[in-house]
Amino acid sequence: MDRRKFLNWFGLVGISSSLPFAIAACSKSLENQRARSLPNEQQAVATAPLETKSRDDGFVPVGSLSALKASVAGAIAPSEIAVVLVRDASNPEAPTAVNPRCTHTGCTVEWHNGLNAFVCPCHNAQFDPKGKVVRGPAEKPLQTYEVKTEGDSVLVKIA
Ligand code: FES
């Protein structure tokens, strides 16, 4: 399976929170693939430790504030669901959570800290840290998730 097909598949599967364990095996491969193929800036995106148990309130723990604050890339990509947490320099206690599936044709966007933007490797669309379209061809923003913190834990509401 080539990289583009794999990333498209991951994006589709990743939005489903009902299959967290099936996703885990695939996303580990994605993380390994990304670590080998991305420039240094993007390799610094840390993988956050996860508990993928969904809670009664619909929130899922996806990472830690300390890992996000320590990330050289300014973002972390939890490995088991399709969420990228982006640090807000003006308010490090309130990260944003974005689904990295591009709204153009479904490739997985990549966080570029130097640009302070997500860039799609397929057709070069660009999105700001909150998922808003900065440059086409994508016309719709990236999906975002409600985020909350509890101590050092960052949680997102998937459903
Ligand atoms: Fe992202 Fe086309 S799939 S710009």
Side-chain angles (χ1 to χ4, degrees), residues 1-48 50 52 54 58-63 67-68 71-91 94-147 154-159:
M1 180 181 294
D2 69 24
R3 184 172 188 264
R4 179 175 290 176
K5 286 181 181 174
F6 180 84
L7 293 176
N8 284 338
W9 177 85
F10 175 77
L12 290 173
V13 172
I15 60 174
S16 170
S17 62
S18 63
L19 300 172
F21 296 107
I23 295 166
C26 298
S27 58
K28 288 291 183 196
S29 297
L30 176 62
E31 288 301 315
N32 293 339
Q33 184 179 2
R34 292 178 76 187
R36 286 192 307 270
S37 62
L38 297 178
N40 288 339
E41 176 183 280
Q42 294 173 4
Q43 286 182 12
V45 173
T47 300
L50 283 180
T52 55
S54 53
F59 281 90
V60 177
V62 294
L68 182 57
S71 169
V72 173
I76 57 175
S79 61
E80 303 201 12
I81 57 176
V83 173
V84 176
L85 300 176
V86 179
R87 183 177 57 222
D88 181 345
S90 65
N91 187 0
T96 57
V98 175
N99 183 327
R101 183 175 186 266
C102 183
T103 55
H104 182 226
T105 61
C107 293
T108 300
V109 299
E110 298 169 343
W111 175 251
H112 289 253
N113 199 38
L115 297 173
N116 196 37
F118 291 96
V119 177
C120 182
C122 295
H123 309 106
N124 222 20
Q126 194 168 318
F127 304 85
D128 77 5
K130 297 185 184 298
K132 181 181 171 188
V133 176
V134 174
R135 181 180 62 213
E139 296 178 351
K140 296 179 181 176
L142 298 174
Q143 179 186 5
T144 57
Y145 299 102
E146 183 179 345
V147 182
V154 180
L155 302 96
V156 297
K157 193 168 192 174
I158 301 296

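In this text, all values refer to a predicted model and were calculated from it rather than measured experimentally. Just so you know, ligand 1 is whichever comes first in the structure, and atom 1 is the first atom listed for that ligand.
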**Prompt:** Is there an N/O/S atom in His104 at a distance below 2.8 Å from atom 1 (Fe) of ligand 1?
**Reply:** no
**Message:** I'd like to know: is atom 1 (Fe) of ligand 1 within the 2.8 Å range of an N/O/S atom from His123, strictly under that distance?
**Reply:** no
**Per-atom contacts of ligand 1 with Ala125, taking only distances under 4.0 Å to non-hydrogen atoms** = 4 (S)
**Message:** Distance under 4.0 Å to a non-hydrogen atom of Cys120: what atoms of ligand 1 satisfy this?
**Reply:** 1 (Fe), 3 (S), 4 (S)
**Request:** Do me a favour and list the nearest non-hydrogen protein atom to atom 3 (S) of ligand 1 with residue, atom name and distance?
**Result:** Thr105 OG1, 3.1 Å
**Asked** Are Val86 and Pro95 side-chain neighbours, meaning at least one heavy-atom pair lies under 4.5 Å?
**Response** no
**Request:** Examine distances only and state if a side-chain atom of Trp111 and a backbone atom of Ala73 form a donor-acceptor pair shorter than 3.5 Å.
**Result:** yes
**Request:** Taking all heavy atoms of Pro129 and all of Asn116, pick out the closest pair and write down the distance.
**Result:** CD-O, 3.3 Å
**Fill in**
Here the pair of heavy atoms bringing Lys130 nearest to Thr96 is NZ-CG2, 3.6 Å
**Request:** Find out if the SG atoms belonging to Cys102 and Cys107 lie under 2.5 Å from one another.
**Result:** no
